[in-house]
2 protein chains.
Amino acid sequence: MAEDRRTRRTRRSLRDGLVALVLERGYAGLTVEDITERADVARATFYSHYRDKDDLFTRVTTELLQELDERMHPLAEETEIGFTGKPLLELFRHAEQERDLYRVILRGEGDGKALRTFHDESVRRVAEVFTARAAHTGAEPRLPAELLARAWVGEQLAVLHWWLEQDPAPMPAEEATRMLLDLAVHGRFWASGYDAST
Amino acid sequence: MAEDRRTRRTRRSLRDGLVALVLERGYAGLTVEDITERADVARATFYSHYRDKDDLFTRVTTELLQELDERMHPLAEETEIGFTGKPLLELFRHAEQERDLYRVILRGEGDGKALRTFHDESVRRVAEVFTARAAHTGAEPRLPAELLARAWVGEQLAVLHWWLEQDPAPMPAEEATRMLLDLAVHGRFWASGYDAST
DNA sequence: TACGTTACTGGACACTCTGTCTGGAACTGG
DNA sequence: CCAGTTCCAGACAGAGTGTCCAGTAACGTA
């Protein structure tokens with residue numbers, strides 16, 4: 001009943017071929033033949049696994065998101081009690097392992113559909129924690145939760161993307177996440193001179 | 001010597017057709033004929049103005065960026081002295097006027113190329129102000145300027161995108177930017193319970 | 001208003017890529 | 001080993017691309 005080895009090999013090759021080629025030439029410029037050629041697979045075989053290029057990309061990113069979710073899940077509970085920043089570090093660790101695919105997604109390849117999914121999923125997770133914490137502490141947030149979640153995710157993904165595109169990495173994952181948390185909690189981008197009331 | 005009226009009309013129609021159709025069906029799914037049909041222009045005419053679909057989109061976004069730059073320029077000087085948040089408000093105002101095109105870009109249509117350009121341009125502007133301010137106050141930033149700029153732009157664009165996709169608008173531009181500034185300056189997403197040293 | 005110039009039109013062209021379908025070869029798991 | 005499946009190479013019609021052309025309409029200027 002287990003999956004055929006040939007199937008696994010073929011799918012893996014197509015996935016790798018796609019990711020590599022998108023980084024080289026961009027998603028839109030690729031033909032199915034480009035991908036199958038790189039993967040060393042017959043073009044007809046492609047269509048027995050995926051409907052088209054978009055289908056392949058969608059499935060690849062969906063798998064990645066599931067993988068991330070499984071890593072996040074055990075960390076969710078403790079985060080609702082005291083904010084630790086562990087989920088953020090886990091995200092950076094995961095991205096470090098799957099660097100190329102993360103770069104493809106964060107670049108917005110595929111008309112940004114994958115990025116939007118990734119973004120929305122992150123917002124959902126963050127918003128969940130926010131509301132759970134609000135219920136726990138009873139404190140009314142100063143700003144709307146939706147805006148907070150969007151801003152926080154935007155910050156995360158922008159820094160993550162920048163961090164992944166650098167070569168060599170400008171700093172270890174621990175340091176990048178520590179800085180992000182510092183920023184989020186304490187704010188103050190500027191040393192002085194801004195009056196918030198204006 | 002002035003530009004021919006027919007040329008202006010044709011280009012404008014193609015631009016409007018593109019933007020409207022991308023919002024309806026997504027960039028990748030469009031053919032040149034779809035666009036020319038919507039714009040009520042012969043397909044051959046398209047090719048006498050633009051090389052291909054990408055060329056049209058690139059030029060449209062470039063024009064938008066120039067327009068934004070012209071609005072930002074007079075505000076740059078005073079921002080380097082005391083941080084006012086005026087450029088941010090100007091961005092939101094501009095986006096409000098060109099709502100549809102901004103949505104197309106921020107969604108990452110066109111494989112994210114337009115969004116990346118927009119993003120990088122914003123980072124460039126912000127980084128400029130940061131370094132100018134650092135030179136002015138002499139204060140050493142707590143975190144690397146590059147990271148600060150990326151995070152700040154990520155926050156801005158995420159909230160801007162969210163704000164533009166809502167219908168009706170959840171709040172006026174002034175309020176959205178005020179909240180963003182509040183967040184950036186004072187931080188503290190959470191009421192309590194986080195120890196930054198962990 | 002008349003005129004030379006420029007832009008738009010609609011149709012045709014070769015070309016590339018798509019998605020589907022063969023029959024036969026190669027490989028797999030039991 | 002063998003029944004079952006996956007892979008392969010090649011052929012196919014259809015859609016979209018980018019270019020070209022000759023005829024027509026609109027333009028700016030004098």
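In what follows, chains are A, B, ... by sequence order, proteins preceding strands, each numbered from 1. It should be emphasised that the depicted structure is a prediction, and the values quoted were computed from it without experimental measurement.
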Over how many whole Å does the gap from B:R25 atom CZ to D:dG16 atom P extend? 10 Å
Between P on D:dT17 and CD1 on B:I35, what's the gap in Å once rounded to a whole number? 8 Å
Give the rounded distance in Å between these two atoms: CZ of B:R5 and P of D:dT29. 12 Å
For A:T58 and A:D54, indicate whether the former's side chain and the latter's backbone hold a donor-acceptor pair under 3.5 Å. yes
Could you tell me how far apart B:L30 (CG) and D:dG16 (P) are, to the nearest whole angstrom? 11 Å
With nearest nucleotide decided by heavy atoms, which residue, B:A44 or A:S48, maps closer to the 5′ end of DNA chain D? A:S48
Assign each of B:D34 and A:T10 to its nearest nucleotide of DNA chain D by heavy atoms, then name whichever residue's nucleotide is nearer the 5' end. A:T10
Can you figure out which of C:dT9, D:dC8, D:dT17 approaches the side chain of A:A42 most closely? D:dC8
Phosphate OP1/OP2 of C:dT20 contacted by A:Y47 side-chain N/O (<4.0 Å): no
Mark yes or no for whether B:R107, through its side chain, and A:D111, through its backbone, hold a donor-acceptor pair below 3.5 Å. no
Rounded to the Å, how far apart are B:D52 CG and D:dG18 P? 5 Å
Pair A:H94 and A:Y102, ring centroids less than 6.0 Å apart: yes
Measure from the side-chain heavy atoms of B:T45 and tell me the nearest of D:dT17, C:dC8, D:dC8. C:dC8
Begin with the C-alpha distance, continue with both residues' side-chain angles, and end with the deciding distance and a verdict on side chain to side chain donor-acceptor pair (under 3.5 Å) for B:D55 and B:Y47. CA-CA 10 Å; B:D55 187 36; B:Y47 290 103; over 6 Å; no
Rounded to whole Å, CG of B:D4 lies from P of D:dT29 at a distance of 10 Å
Could you tell me whether the side chain of A:R6 has a donor or acceptor atom within less than 3.5 Å of a complementary atom in the base of C:dC27? yes
Just by modelled atom types, is the A:R6 backbone N or O under 3.5 Å from a matching donor or acceptor in the A:D4 side chain? yes
From OH of A:Y50 over to C1' of C:dG19, roughly how many Å is that when rounded to an integer? 17 Å
Ignoring hydrogens and geometry beyond distance, is the side chain of B:R43 in donor-acceptor contact with the base of D:dG16 at under 3.5 Å? no
Atom NE2 of A:H49 and atom C1' of D:dT5: how far apart are they, to the nearest Å? 11 Å
